[in-house]
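Written below as structure tokens is the structure these notes are about.
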2 protein chains.
Amino acid sequence: MLIQLDFESNDPIYQQLVDQIIEGIARKELQPGEGLPSVRSLAADIGINLHTVNKAYKQLKQEGYILIHRQKGVVINPDGVPKADEDFRQRIEKSLRPLIAESICRDVSEEEFIKQCKQLFETFKGGNT
Amino acid sequence: MLIQLDFESNDPIYQQLVDQIIEGIARKELQPGEGLPSVRSLAADIGINLHTVNKAYKQLKQEGYILIHRQKGVVINPDGVPKADEDFRQRIEKSLRPLIAESICRDVSEEEFIKQCKQLFETFKGGNT
DNA sequence: ATAACTGTTATACTTATAATATAACAGTTG
DNA sequence: CAACTGTTATATTATAAGTATAACAGTTAT
């Protein structure tokens with residue numbers, strides 16, 4: 001799986017890393033039990049500091065996406081990612097809220113917005129970008 | 001219209017201000033042509049610095065939500081907010097993408113996600129929280 | 001066992017952003 | 001004239017992001 005970073009983005013690159021790995025899991029490109037590169041090798045590969053990778057891994061671990069075996073290294077959670085709980089749903093709503101408010105102001109219809117969502121769901125089910 | 005800020009949030013408070021005003025416009029609580037408090041009085045009301053308010057107003061102005069008449073002060077754009085363009089739609093997709101990827105990983109169905117979206121659209125159409 | 005790896009922790013530095021604090025300018029309004 | 005308006009400038013503090021080295025403890029292969 002290849003990682004694409006935008007160093008000009010406002011999103012911090014450790015967050016971009018987190019997002020890309022979660023995307024990889026979502027589109028089954030990263031399978032449960034599959035190994036991830038070590039912090040040092042991944043950092044070297046994409047030309048960033050190992051602490052930046054470590055910060056991303058730390059967050060992914062804390063959110064249950066990956067496990068760290070002392071033996072096997074970094075591994076996609078073999079039991080799958082923890083199901084959504086109430087905290088997660090609240091987090092989604094909190095992120096969705098300003099997007100939808102802006103859309104309403106700019107005359108984007110509910111139908112169009114939902115069409116966009118469905119399209120993204122398809123993107124992840126299928127193997128597209 | 002009352003402003004509710006969370007000073008413990010990770011979101012900067014100028015951004016919270018922007019979001020709340022956009023929400024106010026979305027739910028027609030703030031009408032086109034309606035005046036907003038001056039940077040100084042709003043800052044004093046919510047107990048923050050005038051520059052923080054000014055930063056929020058500046059962003060709202062740049063995105064076309066408000067106008068600044070030298071006479072009338074700060075005013076909700078009387079011509080309405082500019083319609084969504086391609087840049088806006090890309091911004092929405094970019095924000096939506098990680099939310100949907102996470103949702104898929106955590107077994108939130110497309111139906112449930114869309115239900116959440118519809119609920120938020122209703123929230124703004126109606127007068128609810 | 002030695003060497004090369006693993007994640008993890010600690011410290012220090014630089015840079016950028018957020019927020020505050022004063023102060024001033026130019027225009028408007030009572 | 002006084003009180004307001006948005007705007008700009010400057011300075012300070014605090015926090016986050018990213019990098020740079022270094023070290024520790026455990027694992028693995030030679």
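Quick caveat, the model's predicted, so the values are computed rather than measured. Atoms considered below: every heavy atom in the structure, side chains included; atoms not considered: hydrogens, waters and symmetry mates. Order of the sequence lines fixes the chain letters, A, B, ..., with proteins taken first and strands second; residue numbering starts at 1 for each chain.
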| task | Look at the side-chain N and O atoms of A/T52 and state whether any lies under 4.0 Å from the OP1 or OP2 oxygen of D/dT19. | result | yes
| request: Calculate the interatomic distance between B/E8 atom CD and C/dA19 atom P; express it in whole Å. | output: 13 Å
| query | Do the side chain of A/H69 and the base of D/dT27 come within less than 3.5 angstrom through a donor-acceptor pair of N or O atoms? | reply | no
| Who else is in the cluster with A/L67 when I, L, V, M, F, W and Y are joined by side-chain contacts under 4.5 Å? | none
| Value in whole Å for how far the C1' atom of D/dT13 lies from CG of B/N49 | 13 Å
| said: Counting only side-chain nitrogens and oxygens, does B/K55 get under 4.0 Å of the OP1 or OP2 atom of D/dG6? | reply: no
| Is the shortest side-chain N/O distance from A/Y14 to OP1 or OP2 of D/dA17 below 4.0 Å? | yes
| When you check the phosphate oxygens OP1 and OP2 of D/dG6, does a side-chain N or O of B/N54 lie under 4.0 Å from one of them? | no
| task | Rounded to the nearest angstrom, tell me the gap between atom CG in B/N10 and atom P in C/dT17. | result | 18 Å
| message | When you measure from the side chain of A/S9 to the backbone of A/D6, do you find a donor-acceptor pair of N or O atoms at a distance under 3.5 Å? | response | no
| message | Both A/G47 and B/I68 contact DNA chain D. Which one's nearest nucleotide lies toward the 5' end? | response | B/I68
| field | Below 4.0 Å: OP1/OP2 of D/dT5 and any side-chain N or O of B/S38 | value | yes
| remark: A/N77 and A/D79 have their tightest heavy-atom pair at OD1-N, 3.0 Å
| Any side-chain donor near an acceptor of the partner, B/E102 and A/Y65, under 3.5 Å | yes
| query | Has the side chain of B/R40 got a donor or acceptor that lies under 3.5 Å from a partner of the other kind on the base of C/dT22? | reply | no
| Helix axis bend for the helix from C/dG7-D/dC24 to C/dC25-D/dG6 - C1'-based end axes, five pairs, 10° rounding | 30°
| request: Check every atom of C/dA19, D/dG18, C/dT9 against the side chain of A/P12 and return the nucleotide holding the closest atom. | output: D/dG18
| To the nearest angstrom, how far is A/L42 atom CG from C/dG7 atom P? | 10 Å
| task | Using the closest heavy atom to pick a nucleotide of DNA chain D for each, name whichever of A/Q15 or A/L50 lands nearer the 5' end. | result | A/Q15
| said: Rounded to whole Å, how long is the line connecting atom CG of B/L67 with atom P of D/dG6? | reply: 14 Å
| query | Can any side-chain N or O of A/R40 pair as donor or acceptor with the backbone N or O of A/L50 at less than 3.5 Å? | reply | no
| query | Rounded to the Å, how far apart are B/F7 CZ and C/dT20 P? | reply | 7 Å
| said: Using a distance-only criterion (donor-acceptor N/O pair, under 3.5 Å, no hydrogens), is the base of C/dA18 paired with the side chain of B/H51? | reply: no
| field | Spacing of A/L60 atom CG relative to C/dT8 atom P, expressed in whole Å | value | 12 Å
| Over how many whole Å does the gap from A/Y57 atom OH to C/dT6 atom C1' extend? | 12 Å
| query | Base, sugar-phosphate alone, or nothing: which one does A/K72 contact when heavy atoms must sit under 4.0 Å apart? | reply | nothing
| Short side-chain to backbone donor-acceptor contact, A/Q16 and A/D11, under 3.5 Å | yes
| query | Distance-only, no hydrogens or angles: does the B/E34 side chain make a donor-acceptor pair with backbone N or O of B/V75 under 3.5 Å? | reply | no
| task | Take atom CD of A/Q31 as the centre, draw a 6.0 Å sphere, and report whether it contains more than 12 heavy atoms from other residues, nucleotides or ligands. | result | yes
